[in-house]
There are 2 protein chains.
Amino acid sequence: MRMNAGGQQERRPRADVQRNRAALLETAQRHFLQHGVGTSLEAVAKEAGVGPATLYRHFPTREALLAAVLQTRSEEFVARRAGIEQLDNAAEALERWLRAMEEYLSAFSGLPDPLMAAARAQDPDNPLTIPCDILISATDQYVRAAQRAGHVRASVQGYDLFLAACSVAWIKGTGTEEKSLDRLRMLIASGYREQDPGA
Amino acid sequence: MRMNAGGQQERRPRADVQRNRAALLETAQRHFLQHGVGTSLEAVAKEAGVGPATLYRHFPTREALLAAVLQTRSEEFVARRAGIEQLDNAAEALERWLRAMEEYLSAFSGLPDPLMAAARAQDPDNPLTIPCDILISATDQYVRAAQRAGHVRASVQGYDLFLAACSVAWIKGTGTEEKSLDRLRMLIASGYREQDPGA
DNA sequence: ACCGTGTACGGAGGCAGCATCCGTTTTGGG
DNA sequence: CCCAAAACGGATGCTGCCTCCGTACACGGT
């Protein structure tokens, strides 16, 4: 008899459960991309071909659905991170990481809001808390490395740049044009970079 | 006979209209302060002692109500601006202006979103467009003055710092603690300030 | 003081989205 | 093939948005 870690009976997951879950994730991702994180969950359920109750059974809250969709998206993201970690230039690694994170955060319009809420509350029941903490601690790593190499001011913390990336992602989500965003990114970069003393 | 600018008959505004409008504005401000810009308009109407239709007749959209409430709030704001303009230190004037604007923008949680939408769309029908444009052009003034005095990098535009202020206000609205906000403000200030060449 | 006009009011109602309950269907092990 | 457990999904109640339309009230004139 199948047993799980807790010593209870284990059954192979039912086929319809997996099917529905996959359909929901796929549809939800499309709707999040198109209409932002505030999209109608009823519409998602209908388009996925399930009733509303099925959606809520799989994902009790909007945040849970969001976290699950982000999970599927994070594969590409971690691959990108692996590429970044091979860089020996800590300053460029930080820069690329921030950009990657910003793109991740602006995947769906409105995504930064629930993420910030999760980052603040530290509620273990909020499914977004974990991905959020990962982002913050990773940023801190890159910042420390760049600081050791003398590229970043000592007063800067990883969390600060996480906030900055969230900000840029938020602004991006409001539809601001790319040119303005670029100038804002430059402004932030000027803010955290150690001024070159050899000039 | 009373005439208005268009040459049409003019009547003194009815007493109940003014009363209702004032009650709505007062109640709306309280609700915006307490629950953010997304607060229930039905609840506002009920607490102001009027029907929903009366609210919508006075303020056809949520943005219209928001703009009217902001209007009443802006008196204190312009007074503050008058105080700033008397400063002869352009760098400090800019700094104080940015801080004043940030506080104005974070008066109600969620306020930056509709404001950014108005800033982007430039829709003349959106009642938030005008206050928004005022903020942007004022920021530009302060930036130019500070640049003439050599305190701010030439690459920085007023709109950039408007965006930055919106960002900080947005983050503030998500409930981030003041300590983190201060570090973010420092980061931004380091970003726009001209590095002192005499060091 | 009263009256008529036109302006403003507000309850009722249609609509959309959220979240849940419970009778029914599906699934897969025995 | 059967049956118990598991999952499904339509129906439902709720809240908030916004509008329509019959009613009440305020104001200017007499």
Side-chain angles (χ1 to χ4, degrees), chain A residues 1-4 6 8-25 27-28 31-32 34-66 68 108-110 113-114 117 125-127, chain B residues 1-4 6 8-25 27-28 30-32 34-66 68 108 110 113-114 117 125-127:
Chain A
M1 184 168 291
R2 288 165 179 271
M3 293 294 210
N4 66 12
Q8 293 160 325
Q9 281 200 355
E10 176 150 327
R11 299 175 74 106
R12 169 153 49 100
R14 281 171 55 157
D16 51 351
V17 170
Q18 295 178 285
R19 208 169 353 103
N20 285 333
R21 183 184 161 89
L24 281 168
L25 285 176
T27 309
H31 280 239
F32 283 148
Q34 198 152 8
H35 309 294
V37 297
T39 194
S40 159
L41 298 186
E42 271 194 330
V44 169
K46 185 176 293 184
E47 196 176 312
V50 304
T54 298
L55 188 153
Y56 285 103
R57 202 172 306 111
H58 282 273
F59 310 103
T61 65
R62 185 180 295 272
E63 282 71 34
L65 177 57
L66 200 48
F108 315 132
S109 130
D113 294 77
D125 290 352
N126 188 328
Chain B
M1 185 168 290
R2 287 166 180 271
M3 293 296 213
N4 67 13
Q8 292 161 326
Q9 282 202 355
E10 177 149 327
R11 298 175 76 106
R12 172 154 45 101
R14 280 172 54 161
D16 53 349
V17 170
Q18 294 179 283
R19 210 170 350 103
N20 286 333
R21 183 184 160 88
L24 281 169
L25 284 177
T27 309
R30 253 199 350 272
H31 280 240
F32 282 149
Q34 199 152 7
H35 309 293
V37 296
T39 194
S40 158
L41 297 187
E42 272 195 328
V44 170
K46 184 175 291 183
E47 196 176 312
V50 304
T54 297
L55 188 152
Y56 285 103
R57 201 172 307 109
H58 282 272
F59 310 103
T61 65
R62 184 180 295 270
E63 282 71 36
L65 177 57
L66 200 49
F108 315 132
D113 294 77
D125 289 352
N126 188 328

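In what follows, chains carry the letters A, B, and so on, assigned in the order in which the sequence lines appear, proteins first and then strands, with residues in each chain numbered from 1.
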Whole-Å distance between [N] [atom2] and [X] [atom1]?
X       : N      : atom1 : atom2 : result
B/Leu24 : C/dG10 : CG    : C1'   : 12 Å
B/Arg12 : D/dG28 : CZ    : C1'   : 9 Å
A/Leu55 : D/dC8  : CG    : P     : 11 Å
B/Leu65 : D/dC18 : CG    : P     : 11 Å
B/Tyr56 : C/dG11 : OH    : C1'   : 15 Å
A/His58 : C/dA19 : NE2   : C1'   : 16 Å
B/Phe59 : D/dC17 : CZ    : P     : 15 Å

For this session: Output the residues of residues 13-22 of chain A in contact with DNA chain C, where contact means a heavy atom of the residue under 4.0 Å from an atom of the strand; sort by number or write none.
Result: A/Arg14, A/Ala15, A/Asp16, A/Arg19

Exercise. Are any of B/Thr54's side-chain N or O atoms less than 4.0 Å away from OP1 or OP2 of C/dA8?
Worked result: no

Could you tell me which non-hydrogen atom of [X] sits nearest to which non-hydrogen atom of [Y], and how far apart they are?
X        : Y        : answer
A/Thr39  : A/Arg62  : O-NH1, 2.7 Å
B/Gly110 : B/Pro114 : O-CD, 3.1 Å
A/Thr27  : A/Glu47  : CG2-CB, 3.8 Å
A/Val50  : A/Leu55  : CG2-N, 4.5 Å
A/Ala68  : A/Phe59  : CB-CE2, 3.6 Å
B/Phe108 : B/Val37  : CB-CG1, 3.9 Å

Exercise. Which of residues 39-49 of chain B sit near DNA chain D, with a heavy atom under 4.0 Å from it?
Worked result: B/Thr39, B/Ser40, B/Leu41, B/Glu42

Measure the spacing between [atom1] of [X] and [atom2] of [Y] and express it to the nearest 0.5 Å.
X       : Y       : atom1 : atom2 : answer
A/Phe32 : A/Leu25 : CZ    : CG    : 9.5 Å
A/Leu65 : A/Arg21 : CG    : CZ    : 9.5 Å
A/Arg14 : A/Asn20 : CZ    : CG    : 10.0 Å

Exercise. Donor-acceptor pair under 3.5 Å: do we get one between B/Arg57's side chain and the base of C/dG10?
Worked result: yes

